[in-house]
Amino acid sequence: MVGKFLKFFGQLLKTSISNEYSLRLNFWIEVIFMAINNSFWVVTWLILFNKFGSVNGWGSEHIVLMMGITMATFGIYSFCFSGTADWLAGYIDRGELDTFILQPKNILLNVAASKCSPSAFGDFLSGLLFIGFSGLLSLSSLPIILLTLVAGCLVFLSMAIFVGTLAFWFKGVEGWGTQIFHLFLNLTMQPGSIYTGVVKTVLLFAVPAGIIAFLPIELVMNPTAWGLVKMVAIPLVFFAASVWFFYRGLRRYESGNNFGIRG
Amino acid sequence: MHKYLAFFKTAYITELKNPYMIVMRLVMLTLLVFVTQQLWLVIGHKGFEPVNIVWYLVMNEMLFFSYDGKMQKKIHNDIRSGNVGYSLIRPFSYLSQCITESTGMFLARIPFLMVGGGIIAYLLTGGGLPTTYWGIPVALLLMLVSGIFFNTSQVVIGLLGLYMQNTHSVAMIFQKFMFLLGGLLFPITVYPQWLQDIAAWTPFPWAVYEVSRLVYEFNWGIVFNTAAHLIMWTVATFILAYVIFKQLLKKVSVNGG
């Protein structure tokens with residue numbers, strides 16, 4: 001069953017990529033522009049860290065690694081599952097989920113992997129570049145970083161599913177739901193060392209931006225078993241909850257009677 | 001003229017019909033200011049008064065949330081899909097329609113952001129007011145001009161759909177210029193001098209930093225200097241929009257919609 005699932009996912013990804021890569025010049029322009037866009041963030045933080053010195057024990061190398069991880073995880077999520085954050089709420093709102101429901105495939109996977117964002121490849125590439133540039137990539141930190149890429153992607157996907165699923169209950173989620181997702185993304189792009197106390201706990205267990213914003217850096221600086229458990233367990237629990245939430249909401253879905261073509 | 005007033009009114013009323021978005025913008029403004037405030041607390045404010053920093057951030061975020069990519073996406077989609085052809089045969093200027101609607105949306109959002117932002121800043125500072133709080137009304141007036149500049153810029157970015165398959169990347173880079181060169185999160189005085197000198201040649205510090213700093217560093221010299229630069233850059237953006245629009249008309253006339 002897992003094999004069929006992965007095979008279907010692979011086919012969806014292949015279709016989405018072919019779709020986007022058909023306009024090659026545009027694809028590469030978007031990749032380059034996104035990489036330039038991401039560089040601005042890193043340059044801003046580098047300038048400020050050079051001015052202010054360390055921020056609660058974090059130096060410029062930590063912020064570059066954090067930004068690299070955020071970009072790479074977001075890139076993987078957005079490249080593979082762009083159908084969630086940008087499209088799910090719209091499909092539900094306009095009653096266009098029928099196309100996916102009527103197919104004998106997993107509905108959530110079908111929706112999530114229905115779109116691919118070319119600029120996400122730029123995110124992914126620039127993320128890898130900054131991870132390497134941080135100077136903290138080593139044989140000991142590599143497994144942690146790889147684990148974070150998977151965990152972070154799962155967290156982004158879960159958040160996108162949660163937000164998109166709200167469209168089963170509320171109108172206009174396509175607009176304000178995107179804002180919520182961007183706020184979450186913004187939380188992962190701030191130096192994680194600024195979060196302390198209750199805020200840190202909330203950002204780890206309730207709204208797990210911490211899985212991307214500060215936990216990986218803490219593990220690279222000081223790997224602990226408990227940290228690794230958090231890195232694995234929290235995204236899995238969050239993902240399971242988001243899937244449950246989606247299927248709960250699906251019971252409320254009413255068809256829009258729209259004829260549509262998957263495209 | 002009355003047709004453009006009708007576009008303005010329609011966009012204005014439509015914007016007000018989505019209360020969730022109004023609330024969401026204020027929630028996001030609060031959270032972003034709170035998070036950036038935490039950063040400033042950790043780095044020790046570096047010569048800035050904590051109260052002034054919070055008000056500075058709130059002013060910037062008000063401006064940031066007062067415009068969005070809706071108009072840019074609409075124009076881009078109209079051009080790429082060819083739907084712009086339907087608009088061009090109608091008895092009004094498509095460009096003026098877009099600018100009018102964009103201004104209507106902006107003016108619908110900004111009062112809520114100004115009032116809500118003021119309350120949020122007051123609460124986050126524990127009832128504190130910035131050093132030159134009497135400059136707030138003037139700063140808000142200049143912010144209206146900044147908002148028109150940014151909204152017109154969105155129209156220009158959307159019009160770039162004439163040359164590009166996807167203008168979203170350009171919009172994101174424009175936003176990053178606003179962050180970095182405009183001093184959205186940090187006053188540009190914390191930057192190295194070479195970066196401040198580069199920024200001075202762009203519209204961003206005039207539209208963001210110079211407007212917001214009036215809340216803690218007010219003098220009429222800054223006001224007039226900022227107003228002059230803002231008006232100059234806004235007019236330049238209008239001209240750029242017109243030039244690209246003329247190109248669009250030429251291409252559509254020759255090649256069809």
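Worth knowing before you read on, the calculation uses all heavy atoms, side chains too, and leaves out hydrogens, waters and symmetry mates.
Proximity of the aromatic rings of A/F124 and A/F79 is defined here by a centroid distance below 6.0 angstrom, and this criterion is not met. The ring of A/F162 has its center closer than 6.0 angstrom to the ring center of A/F238. Close placement of the B/F186 and B/W40 rings is indicated, their centers lying within 6.0 Å of each other. The aromatic ring centres of B/F179 and A/F40 sit 6.0 Å or more apart. In this structure, the ring of A/F49 has its center no less than 6.0 angstrom from the ring center of A/W58.
Within the 4.5 angstrom heavy-atom criterion, no atom of B/F174 approaches chain A. With a 4.5 Å cut-off on non-hydrogen atoms, A/N186 touches chain B through its side chain but not through its backbone. Neither the backbone nor the side chain of B/V23 comes within less than 4.5 Å of any heavy atom in chain A. Proximity to chain B (any heavy atom under 4.5 Å) is shown, for A/E30, by both the backbone and the side chain. When heavy atoms are compared at a cutoff of 4.5 Å, A/V173 does not approach chain B at all. For A/I32, no part lies under 4.5 angstrom from a heavy atom of chain B. For chain B, the nearby parts of A/T44 are the backbone and the side chain; heavy atoms of each come within less than 4.5 Å. The part of A/L187 that comes within reach of chain B is its side chain, from C-beta onward, which places non-hydrogen atoms under 4.5 angstrom from that chain. A/I47 touches chain B through its side chain: at least one heavy atom from C-beta onward sits under 4.5 Å away, while N, CA, C and O do not.
The candidate with the highest count of non-hydrogen atom pairs below 4.5 Å against chain B, out of A/V55, A/N38, A/L48, is A/L48. Your options are B/L31, B/V27, B/N18, and the one with the most heavy-atom pairs under 4.5 Å with chain A is B/L31. Options A/N50, A/N56, A/L25 differ in how many heavy-atom pairs under 4.5 Å they form with chain B, and the most are formed by A/N56.
Counting heavy-atom neighbours within 6.0 Å of A/W169 CH2, excluding the residue itself, gives a total above 12. Heavy atoms of other residues, nucleotides or ligands lying less than 6.0 angstrom from CZ of A/F52 number more than 12.
For the residue pair A/Q179/B/R25, the side-chain donor-acceptor check at 3.5 Å is not satisfied.
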